[in-house]
Amino acid sequence: MTTQTSQKTQVTQATQAAASGTATAAAAAAVPGAAHRHGPRLSWAKLAPEVYQAMLALDAAATQGLDPTLVELVKIRASQLNHCAFCIDKHIKDARQAGETEQRIYLLDAWEEATGFYSPEEQAALALTEAVTLLTEGFVPDAVYDRAAALFGPAELARLLALITTINAWNRFGVSTRMTPGRA
(Lines give C-alpha, C1' and ligand atoms only; values in the text may rest on other atoms or scores of the structure.)
Protein backbone atom coordinates (compact mmCIF):
# COMPACT_ATOMS: atom_id res chain seq x y z
CA MET A 1 0.00 0.00 0.00
CA THR A 2 1.42 3.39 -0.95
CA THR A 3 1.97 6.10 1.63
CA GLN A 4 -0.68 8.27 -0.05
CA THR A 5 -3.25 5.46 0.03
CA SER A 6 -2.38 4.72 3.66
CA GLN A 7 -2.87 8.37 4.60
CA LYS A 8 -6.24 8.48 2.79
CA THR A 9 -7.34 5.36 4.67
CA GLN A 10 -6.25 6.88 7.99
CA VAL A 11 -8.08 10.11 7.21
CA THR A 12 -11.26 8.25 6.26
CA GLN A 13 -11.12 6.09 9.39
CA ALA A 14 -10.41 9.07 11.67
CA THR A 15 -13.18 11.12 10.07
CA GLN A 16 -15.69 8.27 10.39
CA ALA A 17 -14.66 7.64 14.00
CA ALA A 18 -14.95 11.32 14.84
CA ALA A 19 -18.38 11.51 13.23
CA SER A 20 -19.55 8.51 15.19
CA GLY A 21 -18.15 9.95 18.40
CA THR A 22 -15.67 7.12 18.94
CA ALA A 23 -12.58 9.26 18.50
CA THR A 24 -11.59 12.51 20.09
CA ALA A 25 -11.20 15.68 18.08
CA ALA A 26 -7.48 15.57 18.81
CA ALA A 27 -7.18 12.08 17.33
CA ALA A 28 -9.04 13.11 14.19
CA ALA A 29 -6.98 16.28 13.84
CA ALA A 30 -3.71 14.33 14.29
CA VAL A 31 -4.22 12.68 10.91
CA PRO A 32 -3.00 14.92 8.06
CA GLY A 33 -5.92 16.43 6.19
CA ALA A 34 -8.57 15.17 8.64
CA ALA A 35 -11.53 17.41 9.30
CA HIS A 36 -11.47 19.20 12.63
CA ARG A 37 -14.38 18.08 14.74
CA HIS A 38 -15.28 21.17 16.72
CA GLY A 39 -17.23 20.16 19.76
CA PRO A 40 -17.06 20.72 23.50
CA ARG A 41 -14.10 19.22 25.31
CA LEU A 42 -15.35 19.44 28.88
CA SER A 43 -17.77 21.37 31.03
CA TRP A 44 -15.33 23.44 33.05
CA ALA A 45 -18.10 25.29 34.90
CA LYS A 46 -19.45 22.01 36.30
CA LEU A 47 -16.01 20.64 37.08
CA ALA A 48 -14.77 23.83 38.77
CA PRO A 49 -17.95 25.48 40.06
CA GLU A 50 -16.11 27.72 42.52
CA VAL A 51 -14.06 29.18 39.66
CA TYR A 52 -17.21 29.66 37.58
CA GLN A 53 -18.96 31.44 40.47
CA ALA A 54 -15.91 33.66 41.00
CA MET A 55 -15.93 34.55 37.28
CA LEU A 56 -19.62 35.45 37.47
CA ALA A 57 -18.94 37.67 40.47
CA LEU A 58 -15.97 39.33 38.74
CA ASP A 59 -18.04 39.89 35.61
CA ALA A 60 -20.87 41.49 37.61
CA ALA A 61 -18.46 43.71 39.55
CA ALA A 62 -16.62 44.82 36.40
CA THR A 63 -19.80 45.97 34.65
CA GLN A 64 -21.23 48.03 37.52
CA GLY A 65 -21.65 51.64 36.49
CA LEU A 66 -20.81 51.04 32.83
CA ASP A 67 -23.29 51.55 30.00
CA PRO A 68 -24.79 48.13 29.11
CA THR A 69 -24.39 48.75 25.38
CA LEU A 70 -20.73 49.69 25.81
CA VAL A 71 -20.22 46.56 27.90
CA GLU A 72 -21.59 44.34 25.14
CA LEU A 73 -19.59 46.11 22.40
CA VAL A 74 -16.39 45.51 24.40
CA LYS A 75 -17.32 41.87 25.02
CA ILE A 76 -18.12 41.25 21.35
CA ARG A 77 -14.94 42.94 20.11
CA ALA A 78 -12.62 41.05 22.48
CA SER A 79 -14.40 37.82 21.57
CA GLN A 80 -13.91 38.54 17.86
CA LEU A 81 -10.20 39.08 18.42
CA ASN A 82 -9.94 35.88 20.46
CA HIS A 83 -12.05 33.86 17.98
CA CYS A 84 -14.46 32.76 20.71
CA ALA A 85 -17.56 31.74 18.77
CA PHE A 86 -19.52 30.97 21.94
CA CYS A 87 -18.93 34.44 23.40
CA ILE A 88 -19.51 36.24 20.08
CA ASP A 89 -22.88 34.51 19.77
CA LYS A 90 -23.84 35.13 23.40
CA HIS A 91 -22.85 38.79 23.50
CA ILE A 92 -24.45 39.67 20.17
CA LYS A 93 -27.71 38.32 21.60
CA ASP A 94 -27.12 40.27 24.83
CA ALA A 95 -26.32 43.43 22.83
CA ARG A 96 -29.58 43.14 20.94
CA GLN A 97 -31.45 42.79 24.24
CA ALA A 98 -29.66 45.90 25.50
CA GLY A 99 -31.00 47.80 22.47
CA GLU A 100 -27.97 47.63 20.19
CA THR A 101 -28.66 48.01 16.47
CA GLU A 102 -27.87 45.37 13.89
CA GLN A 103 -25.83 47.84 11.85
CA ARG A 104 -23.49 48.69 14.75
CA ILE A 105 -23.08 44.99 15.56
CA TYR A 106 -22.22 44.22 11.91
CA LEU A 107 -19.74 47.08 11.71
CA LEU A 108 -17.99 46.34 15.00
CA ASP A 109 -15.22 44.30 13.39
CA ALA A 110 -14.33 47.43 11.39
CA TRP A 111 -15.24 50.08 13.96
CA GLU A 112 -12.22 52.26 13.09
CA GLU A 113 -13.56 52.62 9.54
CA ALA A 114 -17.11 53.24 10.80
CA THR A 115 -16.32 55.90 13.38
CA GLY A 116 -19.52 57.80 12.66
CA PHE A 117 -21.49 54.91 14.16
CA TYR A 118 -19.68 54.89 17.53
CA SER A 119 -19.36 57.61 20.15
CA PRO A 120 -15.92 58.92 21.17
CA GLU A 121 -16.27 56.94 24.43
CA GLU A 122 -17.09 53.74 22.55
CA GLN A 123 -14.18 54.28 20.15
CA ALA A 124 -11.78 54.81 23.06
CA ALA A 125 -13.13 51.72 24.85
CA LEU A 126 -12.79 49.62 21.68
CA ALA A 127 -9.23 50.83 21.09
CA LEU A 128 -8.36 49.98 24.69
CA THR A 129 -10.06 46.59 24.30
CA GLU A 130 -7.91 45.79 21.29
CA ALA A 131 -4.70 46.95 22.98
CA VAL A 132 -5.34 44.97 26.18
CA THR A 133 -6.57 41.89 24.30
CA LEU A 134 -3.62 41.84 21.89
CA LEU A 135 -0.85 42.20 24.47
CA THR A 136 1.33 39.83 22.47
CA GLU A 137 1.75 42.65 19.96
CA GLY A 138 3.29 44.91 22.62
CA PHE A 139 2.27 47.00 25.57
CA VAL A 140 -0.87 49.10 25.78
CA PRO A 141 0.25 52.29 24.02
CA ASP A 142 0.16 55.48 26.07
CA ALA A 143 -1.96 57.19 23.41
CA VAL A 144 -4.64 54.48 23.65
CA TYR A 145 -4.66 54.55 27.44
CA ASP A 146 -4.64 58.36 27.57
CA ARG A 147 -7.53 58.55 25.09
CA ALA A 148 -9.65 56.31 27.34
CA ALA A 149 -8.51 58.12 30.50
CA ALA A 150 -9.63 61.44 28.99
CA LEU A 151 -13.16 60.14 28.41
CA PHE A 152 -13.72 57.91 31.45
CA GLY A 153 -13.32 58.87 35.09
CA PRO A 154 -10.79 56.89 37.13
CA ALA A 155 -13.42 54.51 38.58
CA GLU A 156 -15.02 53.95 35.17
CA LEU A 157 -11.61 53.34 33.61
CA ALA A 158 -10.76 50.82 36.32
CA ARG A 159 -14.03 48.99 35.66
CA LEU A 160 -13.46 49.14 31.91
CA LEU A 161 -10.05 47.53 32.35
CA ALA A 162 -11.62 44.90 34.63
CA LEU A 163 -14.32 44.27 32.02
CA ILE A 164 -11.74 43.80 29.25
CA THR A 165 -9.68 41.47 31.44
CA THR A 166 -12.77 39.48 32.44
CA ILE A 167 -14.05 38.93 28.90
CA ASN A 168 -10.58 37.83 27.87
CA ALA A 169 -10.67 35.23 30.66
CA TRP A 170 -14.14 34.06 29.57
CA ASN A 171 -12.86 33.81 25.99
CA ARG A 172 -9.98 31.63 27.07
CA PHE A 173 -12.33 29.26 28.86
CA GLY A 174 -14.64 29.22 25.83
CA VAL A 175 -11.93 28.64 23.22
CA SER A 176 -9.87 26.11 25.17
CA THR A 177 -12.89 23.99 26.12
CA ARG A 178 -14.61 24.53 22.74
CA MET A 179 -17.86 25.81 24.13
CA THR A 180 -20.62 25.46 21.54
CA PRO A 181 -22.27 28.64 20.21
CA GLY A 182 -26.03 28.91 20.49
CA ARG A 183 -26.32 27.41 23.95
CA ALA A 184 -26.45 30.60 25.98
Applying side-chain contact (heavy atoms from CB on, under 4.5 Å), name anything that partners Leu107, two or more places apart in sequence or on another chain.
Gln103, Ala114, Phe117, Tyr118

Verify same cluster id: Phe139, Leu81 (apolar side-chain graph, 4.5 Å)
no

Here the side chain to side chain donor-acceptor pair (under 3.5 Å) pairs for residues 45-56, sequence neighbours left out, are none

Minimal non-hydrogen separation, Arg41 against Ser176, with atom names
NH1-O, 2.8 Å

Atom of Lys93, atom of Gly182 and distance for their closest heavy-atom approach:
NZ-CA, 3.7 Å

Any chance you could lay out the side-chain contact (heavy atoms from CB on, under 4.5 Å) test for Phe173 and Val51, step after step, and finish with the verdict?
CA-CA 11 Å; Phe173 283 119; Val51 176; 4.0 Å; yes

What residues, two or more places apart in sequence or in another chain, satisfy salt bridge (charged side-chain N to carboxylate O under 4.0 Å, His left out) together with Glu102?
Arg96

Quick one: list whatever passes salt bridge (charged side-chain N to carboxylate O under 4.0 Å, His left out) with Asp109, sequence neighbours left out.
Arg77

Sole residue of Ile88, Asp94, Asp89 in side-chain contact (heavy atoms from CB on, under 4.5 Å) with His91
Asp94

Minimal non-hydrogen separation, Gly65 against Glu156, with atom names
O-OE2, 4.3 Å

Partners of Arg104 by salt bridge (charged side-chain N to carboxylate O under 4.0 Å, His left out), sequence neighbours excluded?
Glu100, Glu122

State which residues pass side-chain contact (heavy atoms from CB on, under 4.5 Å) with Thr177; sequence neighbours excluded, sorted by chain then number.
Leu42, Trp44, Met179

Of all the heavy-atom pairs spanning Ala169 and Met55, show the shortest one and how long it is.
CB-CE, 3.6 Å

So which residues get pulled into Val144's cluster when ILVMFWY side chains under 4.5 Å apart are joined, directly or through others?
Leu66, Leu70, Val71, Val74, Leu128, Val132, Leu135, Val140, Tyr145, Leu151, Phe152, Leu157, Leu160, Leu161, Leu163, Ile164

Using 0.5 Å steps for rounding, measure from the NZ atom of Lys75 to the NZ atom of Lys90.
6.0 Å

Scanning both residues in full, the closest heavy-atom pair of Gln123 with Thr115 reads NE2-O, 3.1 Å

Tell me every residue that passes side-chain hydrogen bond (donor to acceptor under 3.5 Å, both in side chains) with Thr129, counting only those two or more places apart in sequence or in another chain.
none

Are Leu134 and Val175 connected, step by step, through hydrophobic side chains (Ile, Leu, Val, Met, Phe, Trp, Tyr) whose heavy atoms are closer than 4.5 Å?
no

Looking only at heavy atoms, what is the nearest atom pair of Ala124 and Ala148, with distance?
CB-CA, 3.9 Å

Please, which pairs that meet side chain to side chain donor-acceptor pair (under 3.5 Å) have at least one residue in residues 157-170, sequence neighbours excluded?
Asp59-Trp170, Asn82-Asn168, Thr133-Asn168, Asn168-Arg172

